[in-house]
Chemist: 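For reference, the structure I am asking about is given below.
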Amino acid sequence: MHRLLVYLFAVSTVYSATSLRAQSSAYLEVTATKIEEDLLSVPSAITVIHADDLARLGVHDLSSALALAGGISIARGSDEGPAGSVPEVWGLREVDAFLLLVDGVPCGGAFNPETTAIDLTNIERIEVVRGSAPVTYGATAFSGVINIIHRHPGKGTVAEVSGGNFGSASAAVTSTMSATQSISADYDRQRFRDDRTGSDRGHLLYRAEHQTSAGRWQFDLDALRLLQDPASPRPREGKQLSPRVPLDANHNPADSRVDGNRLYGSASYSTLWGSSPWTTTFALTRTTNDIVRGFLRDLDATDENAEGFGQRRSIDDLYVDSHLVRTAGSFRLLLGADYLGGSAHATTRVFGYQVGLNGANPESSRDIPSEEELGLRDRRNFASLYAQSEWNPAAQWRIDAGVRVNHARESRRTRDADGSNRDDRATTRAGGFFGISRQLSSEMTLFGDYRNTFKPAAIDFGPDSQADILEPERSQSYELGAKGRRSGDRLFWQASAFLMNIENVLIAGAGPLPGLQNGGKQRFKGAEVEVQYTIAKPARLFASYSLHDARFRDFVQTFDGVRTQLSGYRIEMSARDLASIGCILGAGNWSGSLTANYVGPRFLDKRNTAIAGGYMAVDAGIGHAIGGHELRLDVRNLTNRRDPIAESELGDAQYYLMSARTVRLSYRQTF
C-alpha cells in the first residue's frame, strides 16, 4: 500500500506538469486572503470541495466531507460528545490547533473551535488552507483553516428525509422565501452501536441580503439545539487497549449528557470607498452548555472506580472585522482591523462513582455527593491591526507579504475549596506571512511561504482548569510546493513539503480529569500530494498521500515519579502515513461514490511504547434521480473498523474509537 501510494505521488506529479494550456478560473478560494482568487495564484496549499461533490458523496458530517482532502484526518467523536470532531492537519491532532470558520467568521470565537455547531445543510463549498493564518483572522491557527461557506439565497425548495440503522433519522428543508431571503431547517437524530450513545440536533439558519444604492447588506441568524448522550473512550492497559473493557461499553453516569444551546447572529456590509471594496462584519454568539460526564480512573478498584463532573457553562463571543482592498496597477493591499472578545463562566462539581467495566449499573450524578465544587470566569480580548499585500513584479511572479499586530488581554478567576485566585496576562506581539510564487506555465505554479504566529493558550473548561493562564503558543512554519491543472479543469493537482516548529502547544497532563499544560517544543514536517481528475462529468477521481513526521523537540514530563525527556519521540496519535483514494461516478440517472482512507500506524502514548496498527476506512454510496426526486443509500465504515482515532483529554490514557458501520437511506425532492 505504502509503495503504491508513493508511486501514485510521483506519476501524478510528473504527468500533471506536462501540459501547457490556457489557465481557467474555475477553482476559486476566499479563505487565504479574504479576496476571491484563483487557487493557482495563491502561494499556499489549498483544497476546495464544492457542493456538487459533497452531494454526490452523500456527506452529513465533517469527516465524510473532507475524506478526500489530502493530509486531513478527521476523528468523529471527542470529549465534546459524538457530534464533535478532532481534525488532524500537518500531523497535529488537537481540538484547538486549527481555525474553524463559518462564512469567514471564527466558529468558537475567542475560545475553542466549536465543531459541534457544524451543519452541512445548504453548503456551497468547504475550503481548507494548510498551515497557520497569521494575518487575516483574529483567532489564529497553527495546523490549518477550515472554512464552511453557505449558499447565497437562490431559487426553489429542497427537502430531504432519511433513516438509518441503530434508530438514526433526519429531516431537512431549505426554502427560498424571495430572491434575497432563504431559510434552512433540519433535525438530525444520530444513534450508534455504543451503549447509551447518540445525539439529537435541531438547527435553523435564516439568511437575507439587501442591496442599496451605496452597498450590500447580508444578515445571518443561526439557532442550534443539541442534546448528546456521550460515549466513553476505551482505556489502555500497558501497550494495548484494555481487553477487560467491552468494545461498546459506556462508563458515563446514568444521567450523562453534553447538551447545548447556541444562538448566532451576524451582519455584514460591503460597499466602495472610492474605487476600493470595503467590508465590515459584526457577529455575536451566545452558547450555553449543561454537561455530566465521567471516566474510568482505576480498573481494579472495587469502590469508586470512576470520576465524573457536572458543569454549567455559558460563553458570549463578539467578532468585528473591517477591511479595505486597494489596487494600484500590479499591487494590491488588504488593510484591516478586527476585535475578538469572549466571556466564559463555568460552575463545576466533581464526584466519584462506581460502574461496572462492562458499563453495567452506572450511578446517577444526582444521587452522588460532590467531592469538590469549582468556579471559573474568563474574559478574553484580542484586538489587531493587519495588512497584507500582493505584488506582481512581472507577469510570472507574485509576492505576498503581511503583518498583524496583536494585542491580547485575558483575565481569569477560579474558585475552589481553598478560596479564589486571579491571574491576568497581556501580550502584544506581531505575526507575519511571506509568500512567493512563480508561474512556470499557464497551468503550473511553484510556491513557497513563511509564517510566524502566536495565540493565547486555550482553555479546556474541564474540572481541573488552571488558575494560572498558561504561556502563549507560538509557531513558525515553512512550506514549498507546486500546483497546477491541465485540460481546462479536468485535472487539478498540488504537492507540497512543510516544516513547522511549535512552542508551548497545549497537551493534556497525566491522571484522571487532567488539566492542560504547555508542551515544550515540537516539530512537524512532511510532504503531501493531492490529485483531482475529471474523466467525464460527473465522473471524478481523487487521490492523496501524506508523509508526516511529528516529534517532540524538548519536553520533560513525569511518569510514575520519573522525569523523562521526550526529545525525539513521536507525537502520540499522529500517523506517519495518510492516504485517500476515491471516485464519484454518474451514468444517466444513477450516481455513486466510493472512498477509502488509510491511516498508518501511530503511537498511543508519549513514550512510544504502545502502537496501534494502520487501518483502512471505506465509505460507499449510490443514488438514483428522476426529475426532482432522488433516492440514495450511503454506508459509512463499510468494513466496520473500530480503531482508536482520538485521545481523550479528560480520561487518562483513554481513546475514542471509530464509530461502527452506519447505513443511511435518504430521499430528496427539489421543488
Side-chain angles (χ1 to χ4, degrees), residues 26-27 46-76 85 87 115 118-128 146-151 158 160-165 168 170 172 174 184 186 188 190 489-490 492 530-544 578-599 616-625 630-639 641 658-659 661-668 670:
Y27 287 91
I46 303 171
T47 299
V48 179
I49 305 101
H50 293 277
D52 290 345
D53 289 338
L54 293 171
R56 294 182 182 116
L57 287 167
V59 305
H60 286 84
D61 56 57
L62 193 62
S63 176
S64 55
L66 300 183
L68 296 175
I72 312 294
S73 177
I74 308 291
R76 182 181 179 184
S85 57
T115 59
I118 293 175
D119 189 277
L120 298 182
T121 303
N122 202 32
I123 294 298
E124 178 180 294
R125 66 185 188 269
I126 300 176
E127 299 180 357
V128 181
I146 299 174
N147 191 3
I148 298 171
I149 300 172
H150 289 90
R151 296 180 187 272
V158 178
E160 180 178 334
V161 295
S162 74
N165 57 340
S168 298
S170 68
T174 299
S184 298
D186 59 271
D188 188 36
Q190 286 289 314
D489 294 327
R490 292 185 64 184
F492 175 80
E530 181 182 77
V531 180
Q532 302 176 21
Y533 181 63
T534 302
I535 303 173
K537 293 184 178 181
R540 285 166 57 76
L541 301 178
F542 301 80
S544 71
L578 294 177
S580 66
I581 190 167
C583 62
I584 299 173
L585 303 174
N589 295 326
W590 292 92
S591 64
S593 63
L594 180 66
T595 65
N597 287 84
Y598 174 74
V599 177
M616 179 81 76
V618 180
D619 298 341
I622 187 170
H624 185 264
E630 181 183 9
L631 188 66
R632 183 177 178 90
L633 177 67
D634 290 288
V635 183
R636 303 296 179 208
N637 190 13
L638 189 64
T639 54
R641 299 291 307 219
M658 186 184 300
S659 300
R661 181 192 302 118
T662 59
V663 180
R664 179 191 292 259
L665 180 66
S666 59
Y667 169 75
R668 174 180 293 189
T670 302

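All values derive from a computational prediction rather than experimental measurement.
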Chemist: Stepwise, does the side-chain contact (heavy atoms from CB on, under 4.5 Å) test hold for N637 with T662?
Modeler: CA-CA 7 Å; N637 190 13; T662 59; over 6 Å; no
Chemist: Can you give me the closest heavy-atom contact between H624 and W590, atom names plus distance?
Modeler: CD2-CE2, 3.1 Å
Chemist: From the options L631, N165, V161, select the one residue that forms a side-chain contact (heavy atoms from CB on, under 4.5 Å) with L665.
Modeler: L631
Chemist: Can you tell me how far CG of L541 sits from CD1 of I581, rounded to the nearest 0.5 angstrom?
Modeler: 8.0 Å
Chemist: With sequence neighbours left out, write down each residue that passes side chain to side chain contact (heavy atoms under 4.5 Å, CB included) with T670, or none if nothing qualifies.
Modeler: V158
Chemist: For the backbone of I74 and the side chain of S85, can you confirm whether one donor and one acceptor N or O come within less than 3.5 Å of each other?
Modeler: no
Chemist: Quick one: side chain to side chain donor-acceptor pair (under 3.5 Å) partners of R151, sequence neighbours excluded?
Modeler: none
Chemist: Please enumerate all residues that pass side chain to side chain contact (heavy atoms under 4.5 Å, CB included) together with T174, with sequence neighbours excluded.
Modeler: T121, N122, S184
Chemist: Once rounded to the nearest 0.5 Å, what's the spacing between atom CD of E530 and atom CD1 of I46?
Modeler: 11.0 Å
Chemist: Using the salt bridge (charged side-chain N to carboxylate O under 4.0 Å, His left out) rule, collect all pairs that involve residues 585-598, keeping only residues at least two apart or in two chains.
Modeler: none
Chemist: Would you say L54 and I49 make side-chain contact, with heavy atoms under 4.5 Å?
Modeler: yes
Chemist: Just do the side-chain contact (heavy atoms from CB on, under 4.5 Å) check on E127 and I149 with the steps written out, would you?
Modeler: CA-CA 8 Å; E127 299 180 357; I149 300 172; 3.7 Å; yes
Chemist: Evaluate side-chain contact (heavy atoms from CB on, under 4.5 Å) for L120 paired with I126, printing each intermediate quantity in order.
Modeler: CA-CA 10 Å; L120 298 182; I126 300 176; 4.2 Å; yes
Chemist: Can you see which heavy atom on I535 is nearest to which on R490, and at what distance?
Modeler: O-NH2, 2.8 Å
Chemist: What are the two closest non-hydrogen atoms of F542 and Q532, and how far apart are they?
Modeler: CD2-CG, 3.7 Å
Chemist: Report the residues that fulfil side chain to side chain donor-acceptor pair (under 3.5 Å) with R661, sequence neighbours left out, ordered by chain and then residue number.
Modeler: none
Chemist: Rounded to the nearest 0.5 Å, how far does CG of L57 lie from OG1 of T595?
Modeler: 6.5 Å
Chemist: Got a sec, which residues hit side chain to side chain contact (heavy atoms under 4.5 Å, CB included) with D634, two or more places apart in sequence or on another chain?
Modeler: R632, R636
Chemist: Output all residues satisfying side chain to side chain donor-acceptor pair (under 3.5 Å) with R664, sequence neighbours left out; order by chain, then residue number.
Modeler: S162, S170
Chemist: Could you pull out all residues at least two apart from A625 that satisfy side chain to side chain contact (heavy atoms under 4.5 Å, CB included)?
Modeler: E630
Chemist: Any salt bridge (charged side-chain N to carboxylate O under 4.0 Å, His left out) pairs touching residues 47-56, not counting sequence neighbours?
Modeler: D53-R540
Chemist: With sequence neighbours excluded, what pairs up with S659 under the side chain to side chain donor-acceptor pair (under 3.5 Å) test?
Modeler: none
Chemist: Name each donor-acceptor pair under 3.5 Å that joins a side chain in residues 60-71 to protein atoms two or more places apart or in another chain, with its distance.
Modeler:
| residue | atom | partner | partner atom | Å |
| --- | --- | --- | --- | --- |
| H60 | ND1 | G58 | O | 3.2 |
| H60 | NE2 | E160 | OE2 | 3.3 |
| D61 | OD1 | S63 | N | 3.1 |
| D61 | OD1 | S64 | N | 2.8 |
| D61 | OD1 | S64 | OG | 3.1 |
| D61 | OD2 | R76 | NH1 | 3.4 |
| S64 | OG | D61 | O | 3.1 |

Chemist: For the pair D619 and L594, evaluate side-chain contact (heavy atoms from CB on, under 4.5 Å) and give the outcome as yes or no after the intermediate values.
Modeler: CA-CA 6 Å; D619 298 341; L594 180 66; over 6 Å; no
